[in-house]
Enquirer: 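After the C-alpha cells below, expect a handful of questions from me.
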Amino acid sequence: MKKELEKTYNPNIESKIYKNWLEKKYFHADADESRQPYTIMMPPANITGVLHVGHSLTFTIQDSLIRFKRMQGYNTLWMPGTDHASISTEVKIVDALNAEGINKRDIGREKFLERAWAWKEKYGGTIVSQLKLMGVSCDWDRERFTMDDGLSNAVLTTFIHLYKKNYIYRGEKLINWCPYCRTTISDSEVEYEEKDGYLYYFKYPIEGGGYIEFATTRPETILGDTAVAVNPDDERYANLIGKLAIIPVIGRKIPIIADSYVDKEFGSGAVKITPAHDPNDYEVGERHKLERISVMTDDGRMNENAGKYQNQTSKDCRKNVIRDFDELGLYIKKESIKHNVGTHERCHTIIEPLIKLQWFVKMADLAKPALEVYNSGKLRIFPARFGKVYAHWLENIRDWCVSRQLWWGHRIPAYYCKSCGEVFVGLEAPDVCDKCGHTEFRQEEDTLDTWFSSALWPFSTLGWPEKTKELEYFYPTSVLVTGHEILFPWVIRMVFSGLELMGDTPFKDVMLNGIVRDDQGRKMSKSLNNGVDPIQVIEQYGADALRLMLVTGNALDNDTRFYWSRLENARNFLNKLWNATRFVMMNMDSETNCANSSDFSDSSKGAVTDKWILSRANTIGREVTNRMDNYDLGMAAQMAYDFIWDEFCDWYIEIVKPRLYNKEDPTRLSALWTLKKVLIIGLKLLHPFVPFITEEIFTTIQDSEETIMFSNWIEFDPSLQYPEEEKLAGLFQQAIKGIRAARLEMSVDPSKKINAKLVSDDERIRGFFESIRKSFVMMAGASTFEIFVLSARKSGDIVNENDVPVIIDGATVYISLDETVDREKELERLNREKKKIESELSRCEVKLNNPGFLSKAPEKLVSEEREKLRKYNYMLTKINDRIAAATV
RNA sequence: GGGAGCAUAGCUCAGUUGGGAGAGCGCAUGCCUUACAAGCAUGAUGUCACAGGUUCGAGCCCUGUUGUUCCCACCA
C-alpha cells in the first residue's frame, strides 16, 4: 500500500516522526566494543532557561554531526542533560520569594532547597521538551542533571582529590563580591560596563610639612588607605619616598612608597593604595607588605573600620568624605571621566572587591597539561584562531575562587571542629578532631561554583568515579560544540579536569559556533525585545526549515542573522524536495520496482543523462562528506541544496519527462531507477540537516518502515564517474539556455513552437542529441528538430537566412521562426555574443603568449587554456560567419 | 594598553592549498508548461575598503593605511 503525498509540504508530520524515533529507541547507545564510538556531550541547558535560537543553532550543529556519523556506521552517543545553574537559579528563586514577601534567610536553608528542587522539577522539563521539538537525536535514557546523586558524588570526590593533592586551599584574598547576591563570583562572571563618573582630586598632609596630591574615583576607600604610591622614576616625588602622609579625618599615618605600577602621566602621578578594595592595590600591598584594612560590609555599607562613617552606604560615605576634606581645604576638584566598572553579569550590580576567606583551586600546575595538549595538537580547536585565545588565557591563569555564599549547589565537603576550628575535608565529618579531641563539627556553609560540576560533565555523566563500561568505551568524546562565550568558564575547565582526573582530554576537537543576531545585526536581548522564539518558528515553518536556515549560507564560526525571508527560502526548498518526490512517485508503478541497476548500466537501456546525474550525485556525495569531516556544515548543506534544486529538479527531472511519459521507451526503467537512486542519495545527504522530511520521504518512497537514520551514508564510488556524459549533458544545457535566451530576446511568444536544426561534425554530439531529441523538443519549445553533418553539405542547403544560431562547443543549433526575424535585434544579440567570446579569447591569448605562464604554470593548466583557445576560436568563427551573412 | 576578526552585487553573506567573481533575498521582463506560483524561464548590477609589495598570475599571500566588531587587561 503506497502512501499518497499531499500537494504541499506540511511540517506537521514532525511530531509523529519524533515520537516514532523515541519509541524505537533509535537514539539510544550502549557500549559495544565491536563498533567505533562517536560521542558528543551536549552542553547542559540551564534549568532557568527556555529555548532560544542560539540553542537552536548549536543543537542543530551537534545533531547534524551525530546523524552524519550515525549513518556512517558509528555507534553514536549524544548525551543530554541540564545544569542546576547555581547562581542564576538561586537569584530567580530569591526573586520569587521576595514577590511573596519572604526573605530567604527567614525560611532557612532546608526550606529554601525544597523550593529549589520544586523549581527544578517544574522548569527543568520545559527546556527538554522544547529541545525535542528541534528533532535532536540525543539519548534521553541517559539524561543527567548536575545535582543527580551520581554527579554530586563526582563533585565531592573531585574536591577531596584536589584538596589532598594540595590543589585546593583556603585563603584570604581579594575577591569579587556581589553586594546584591551577597556572594563571591569568579573573574569570568564580572562584566565591565562603561559608566560616567568623576575623578576626584585630594591631598594628604605630609608629616614634617607639605602635601601630596592624588586622584581617585572612589573617595570612600580613602578610609582603607595604607599607603600612597609614586613611580620610582618620578623626580617630582623622589624626595618624598619614605616619608609619612596623614589621612586627615581618621588620623592614620601611611608611608609614601615607590612602585612602578604607578603611571607618572595619569592624574597627579601619585596613587592612594587601598589593598583591601582594589585588585591592583592588593598586589602593590603584597609587594610592600602593607596592611589590608577592609572598610566595607557584605551589603556594601561602611564597617567599623570606617570610624564615624560606619553604617553609611558607600554613596553617602563618599559624599561625606568629600565634604569633610573640603572643610579641611584638602579637596581640590573633580573631573568627569568615563571608566569601566565591573558589574555582576547576572544582576548587573556593581562589584565590590573585598578581602575574604574563600576556597581556591590552585591553577598553575593544572593549567600546564591543558596547554600542552593544545600545543602538541592533541586537542584541536575550530576555528583555529580561538586556539590562541585558549593558550593565552591558560598562560595567564589565576587561581580559581570556587566557594560561593549560596545554598543552591554542591555544599563544600569541609568540616570545622567546633572547638579549635581545625578543617577536615572528606565525605563526612571525622569522629574526633585529631588536633583537640573534640567530637563536634559544623559543615562549611558555602557551595561550589556552578562550573565546578560542569567541568566534570564529560565523564561524570558516564558514571565517574565508578569505572563503568560506558566510561571506558565513550571517553574521550569526539567533539565538543558550544558557543565561544564559554570557552573560559567551561571548555578550559573541562580540559584540565579531564586531564587531571581521567588522564586524557575530554574531547578530541572543540568546535565553537557564533551567535544568532536579529535582522539588524543586534544581539537578541530581553531589553530590546528582539528575540525570536524558536517554538513559534517551528509551529509556523517546522523544525527542518529552522535547522536548514540556521546551518546554510554562513560559516558556522561567524555570527549569523535571523531573517524570516531566509526561513521562507528554507521552507520553499523543503517543498521543492517534497514535490520532486511526488513527481517520482507519481511515475512509479509496479514496473518500477523491477527496475534495477542493470537497466541503468546496460547501454541499450540507459541514457547519457542518467549517467550524468548519477555521476554528479556521486561527486556531490564525496564533497559533502569532506565538508562534514571538516565541520564545514554550512557548505555541506549548501552543496546538497544546490544539487537537488538546480541539477536534479531543474535539469534532470525536466530532461527525463518524455521518457517517463512514453511507456514504450526502452530507457524508461533506467530513468525511473536513476530518479529514485539519485533522490535517495539526496535524502541521505540532507538528512543530517533536515531529519524529519527526509525520514518521511525515505520511508514513503521505499514503502518501508526502515529508517533513514541507519541507512548507509554515501560512499564515493569511482566506477560511477562519467566525465564524458557530464560534458555532453553540459552541451545540452548550453544549447537549451541559448535557445531560451534567444527566444526571449527576440520576443517569441512562449507558446510559439520553433523549428530547430543542429549542425555538427562531431559524431558523438550528433548521437547524443539524437538520443535526447524528445527532451530537446520539449525544453526548447520546438516542433521539429533535425540533425545534420555540416561537412557533408553546403551550409546553404541546411540553414536559411532567417535562422538564428546558438553556438555551443562543437555544434551550432539554428532555430527558425515562421515570421521574419528582427534583423537589428538579431545582429545586436550576435555582436554581444561575439564580444563575450572575444574577451574570453583575449584572456586565453594573453596567458598563452606569456612565456612566464608557459614555463611556470602547471602543465594541466596550460593544456586547459589551449583547449579553451580552440573552443572559443571555433565559436568565434561560427559567429563571424553568421554576422557576415546577416549583414549582407 | 594588548590580541583577534571583518571590509566582495541594493541587503545579508559564501568563495576549501593563489589559476576564468558566486548564492539567497530584492529588482526587471515573461510564463498558472499535467511535481512544485512555497513554482519556471531570462536578465541587470561588482575599480573584491585604500596604497604598495611578492608572483607568469592576487578577492585569496606579505607590509602599511582607513573603517568596523569582538576578546583580554582595567590607569587610580
Side-chain angles (χ1 to χ4, degrees), chain A residues 5 7-9 190 192 199-200 214-218 221 229 261-263 265-274 278-281 284 337 339-342 383 385-386 388-389 392-393 396 484-485 487-488 514 519 521 541 549 552-555 557-561 563-566 568-587 623 626-627 630 632 634-635 638 641-642 649-650 653-654 657 661 736-737 740-745 747 749-751 778-779 781 839-840 843-844 846-847 850-858 860-862 864-865 868:
Chain A
L5 296 181
K7 188 174 171 183
T8 311
Y9 167 62
V190 179
Y192 286 90
L199 185 60
Y200 302 89
F214 61 92
T216 178
T217 51
R218 303 186 61 199
T221 61
Y261 149 72
V262 180
D263 178 355
E265 310 303 322
F266 192 91
S268 66
V271 190
K272 65 190 260 330
I273 300 295
T274 323
D278 181 277
N280 291 307
D281 292 7
V284 174
I337 56 159
H339 61 150
N340 284 331
V341 177
R385 65 193 149 93
F386 281 105
K388 283 179 245 170
V389 182
H392 181 260
W393 202 75
N396 296 286
H484 48 67
E485 74 279 1
L487 179 62
F488 299 147
D519 57 2
Y541 291 96
M549 174 267 191
T552 41
N554 235 327
D557 55 295
N558 239 340
D559 289 352
T560 181
R561 295 194 191 190
Y563 282 103
W564 290 94
S565 66
R566 285 185 53 207
E568 275 184 33
N569 181 247
R571 188 269 318 262
N572 293 353
F573 172 75
L574 299 177
N575 189 52
K576 189 78 180 173
L577 180 64
W578 184 262
N579 273 292
T581 308
R582 278 183 66 221
F583 174 80
V584 174
M585 289 185 64
M586 223 167 252
N587 287 287
E623 292 301 312
N626 286 343
R627 311 289 160 155
N630 290 306
D632 188 2
M635 188 52 80
Q638 190 69 49
Y641 173 107
D642 287 342
C649 291
D650 288 350
I653 284 184
E654 293 306 317
K657 276 175 178 173
Y661 296 160
I736 295 293
K737 269 176 168 290
R740 282 170 175 167
R743 288 182 60 129
L744 214 76
E745 179 85 17
S747 306
D749 189 280
S751 57
M778 183 190 77
M779 293 171 77
S839 84
E840 296 293 339
R843 207 196 309 255
C844 286
V846 166
K847 277 192 178 178
N850 180 343
F853 178 76
L854 292 178
S855 60
K856 291 185 179 172
K860 185 171 170 252
L861 214 59
V862 176
E864 271 173 22
E865 275 322 300
K868 277 184 210 164

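Letters go in sequence order (proteins before strands), and every chain restarts at 1.
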Enquirer: Considering only heavy atoms from C-beta outward, does the side chain of A:Glu623 approach that of A:Met635 to under 4.5 Å?
Expert: no
Enquirer: Quantified in whole Å, what is the P atom distance between nucleotide B:A37 and nucleotide B:U45?
Expert: 31 Å
Enquirer: Just name whichever nucleotide pairs with B:G64, Watson-Crick or G-U, keeping both distances under 3.5 Å, else none.
Expert: B:C50
Enquirer: Check the distance between B:A37's C1' and A:Asn575's CG and give it to me in whole angstrom.
Expert: 10 Å
Enquirer: If B:A44 has a Watson-Crick or G-U wobble mate with both distances under 3.5 Å, name it; if not, just say none.
Expert: none
Enquirer: Scan every strand shown for a Watson-Crick or G-U wobble partner of B:A37, both distances under 3.5 Å, and answer none if you come up empty.
Expert: none
Enquirer: Output all residues satisfying side-chain contact (heavy atoms from CB on, under 4.5 Å) with A:Asn579, sequence neighbours left out; order by chain, then residue number.
Expert: A:Asn575, A:Arg582
Enquirer: Does B:A4 have a Watson-Crick or wobble mate here (both distances under 3.5 Å), and if so which one?
Expert: B:U69
Enquirer: Which is true for A:Glu864 with a 4.0 Å heavy-atom rule: it touches a base, it touches only sugar-phosphate, or it touches nothing?
Expert: nothing
Enquirer: Please list, for nucleotides 8-15 of chain B, all pairs of protein and nucleotide N/O atoms separated by less than 3.5 Å.
Expert:
unit_1: B:U12; atom_1: O4'; unit_2: A:Tyr563; atom_2: OH; d: 3.4
unit_1: B:U12; atom_1: O3'; unit_2: A:Arg561; atom_2: NE; d: 3.3
unit_1: B:C13; atom_1: O3'; unit_2: A:Asn554; atom_2: OD1; d: 3.1
unit_1: B:C13; atom_1: O2'; unit_2: A:Gly553; atom_2: O; d: 2.8
unit_1: B:A14; atom_1: OP1; unit_2: A:Asn558; atom_2: ND2; d: 2.2

Enquirer: Using the C1' atom as the reference point in each nucleotide, state the distance between B:A14 and B:G59 in Å, no decimals.
Expert: 12 Å
Enquirer: Which whole-number value in Å describes the distance from A:Phe386 CZ to B:A4 C1'?
Expert: 9 Å
Enquirer: Applying salt bridge (Lys or Arg N to Asp or Glu O under 4.0 Å), name anything that partners A:Arg218, two or more places apart in sequence or on another chain.
Expert: A:Glu220, A:Glu352
Enquirer: Give each protein N/O atom lying under 3.5 Å from an N/O atom of nucleotides 40-47 of chain B, with the pair distance.
Expert:
unit_1: B:C40; atom_1: OP1; unit_2: A:Lys576; atom_2: NZ; d: 2.8
unit_1: B:C40; atom_1: OP1; unit_2: A:Trp645; atom_2: NE1; d: 2.6
unit_1: B:C40; atom_1: OP1; unit_2: A:Asp650; atom_2: OD1; d: 3.2

Enquirer: Measuring only the C1' atom in each nucleotide, how far is B:A7 from B:C13? A whole number of Å is fine.
Expert: 12 Å
Enquirer: Pick the C1' atom in B:G22 and in B:U66, then give their distance to the nearest Å.
Expert: 27 Å
Enquirer: Between B:A76 and B:G15, how far apart are the two C1' atoms, rounded to whole Å?
Expert: 49 Å
Enquirer: For A:Glu568 and B:A23, what is the distance between atoms CD and C1' respectively, to the nearest whole Å?
Expert: 18 Å
Enquirer: Of all the nucleotides listed (B:C36, B:G19, B:U55), which has the minimum atom distance to the side chain of A:Lys856?
Expert: B:U55
Enquirer: Generate the contact string for nucleotides 69-76 of chain B. Rules: B means base contact, S means sugar-phosphate contact only, - means no protein heavy atom under 4.0 Å.
Expert: ---SBBBB
Enquirer: In whole Å, what separates the C1' atom of B:C31 from that of B:G19?
Expert: 40 Å
Enquirer: Compare side-chain N and O positions of A:Asn569 against OP1 and OP2 of B:C25 and report whether any pair is under 4.0 Å apart.
Expert: yes
Enquirer: Between B:A44 and B:A4, how far apart are the two P atoms, rounded to whole Å?
Expert: 43 Å
Enquirer: Tell me whether the side-chain N/O atoms of A:Lys657 come closer than 4.0 Å to OP1 or OP2 in B:A35.
Expert: yes
Enquirer: Enter the distance from A:Lys576:NZ to A:Leu574:CG here, rounded to the nearest 0.5 Å.
Expert: 13.0 Å
Enquirer: Looking only at side-chain atoms of A:Arg571, point me to the closest of B:A23, B:G19, B:A38.
Expert: B:A38
Enquirer: Measure the spacing between CG of A:Asp642 and CD of A:Gln638 and express it to the nearest 0.5 Å.
Expert: 4.5 Å
Enquirer: Looking at every strand, decide which applies to A:Arg743 at a 4.0 Å heavy-atom threshold: base, sugar-phosphate, or nothing.
Expert: nothing
Enquirer: Does OP1 or OP2 of B:G2 have a side-chain N or O of A:Lys388 closer than 4.0 Å?
Expert: no
Enquirer: Which residue lies toward the 5' end of RNA chain B, A:Asn850 or A:Arg843, if each is placed at its nearest nucleotide?
Expert: A:Arg843
Enquirer: Take atom P in B:C48 and the same atom in B:A58, then report the distance between them in whole Å.
Expert: 13 Å
Enquirer: Going by the angle between their ring planes, with limits at 30° and 60°, are A:Trp393 and A:Phe488 parallel, tilted or perpendicular?
Expert: parallel
Enquirer: Looking only at non-hydrogen atoms, find the nearest pair between A:Phe214 and A:Ala270 and report the distance.
Expert: CB-O, 3.4 Å
Enquirer: At under 4.0 Å between heavy atoms, what does A:Pro858 touch on the DNA or RNA strands: base, sugar-phosphate, or nothing?
Expert: base
Enquirer: Which is true for A:Glu865 with a 4.0 Å heavy-atom rule: it touches a base, it touches only sugar-phosphate, or it touches nothing?
Expert: nothing
Enquirer: Between atom CZ of A:Arg566 and atom OG1 of A:Thr560, what is the distance when rounded to the nearest 0.5 Å?
Expert: 4.5 Å
Enquirer: Which one, B:A35, B:U16, B:G20, comes nearest to the side chain of A:Arg627?
Expert: B:U16
Enquirer: Rounded to whole angstroms, how far apart are CG on A:Asn587 and P on B:A35?
Expert: 8 Å
Enquirer: Considering every strand and a 4.0 Å limit on heavy-atom distances, what is the contact class for A:Ile653: base, sugar-phosphate, or nothing?
Expert: base
Enquirer: Measure the CE-CD distance between A:Met779 and A:Glu654 for me, rounded to the nearest 0.5 Å.
Expert: 5.5 Å
Enquirer: Evaluate A:Lys860 against A:Glu864 for salt bridge (charged side-chain N to carboxylate O under 4.0 Å, His left out), listing each step before the verdict.
Expert: CA-CA 6 Å; A:Lys860 185 171 170 252; A:Glu864 271 173 22; 3.6 Å; yes
Enquirer: What is the separation between atom CE on A:Met778 and atom C1' on B:A35, rounded to the nearest whole Å?
Expert: 13 Å
Enquirer: In the structure shown, which nucleotide is the Watson-Crick or G-U wobble counterpart of B:C11, with both distances under 3.5 Å?
Expert: B:G24
Enquirer: Does the side chain of A:Thr221 come within less than 4.5 Å of A:Asp278's, by heavy atoms?
Expert: no
Enquirer: If the cut-off is 4.0 Å, is A:Tyr661 near the phosphate of B:A35, judged by side-chain N/O to OP1 or OP2?
Expert: yes
Enquirer: Could you state the CZ-P distance from A:Phe573 to B:G39, rounded to the nearest angstrom?
Expert: 12 Å
Enquirer: How many angstroms lie between atom CE of A:Met549 and atom OH of A:Tyr541, to the nearest 0.5 angstrom?
Expert: 10.5 Å
Enquirer: Working to the nearest 0.5 Å, report the span between CG of A:Asn569 and OH of A:Tyr563.
Expert: 13.5 Å
Enquirer: Going by the rule side-chain contact (heavy atoms from CB on, under 4.5 Å), which residues pair with A:Ile337 if we only count those two or more places apart in sequence or in a different chain?
Expert: A:Leu199, A:Thr217, A:His339
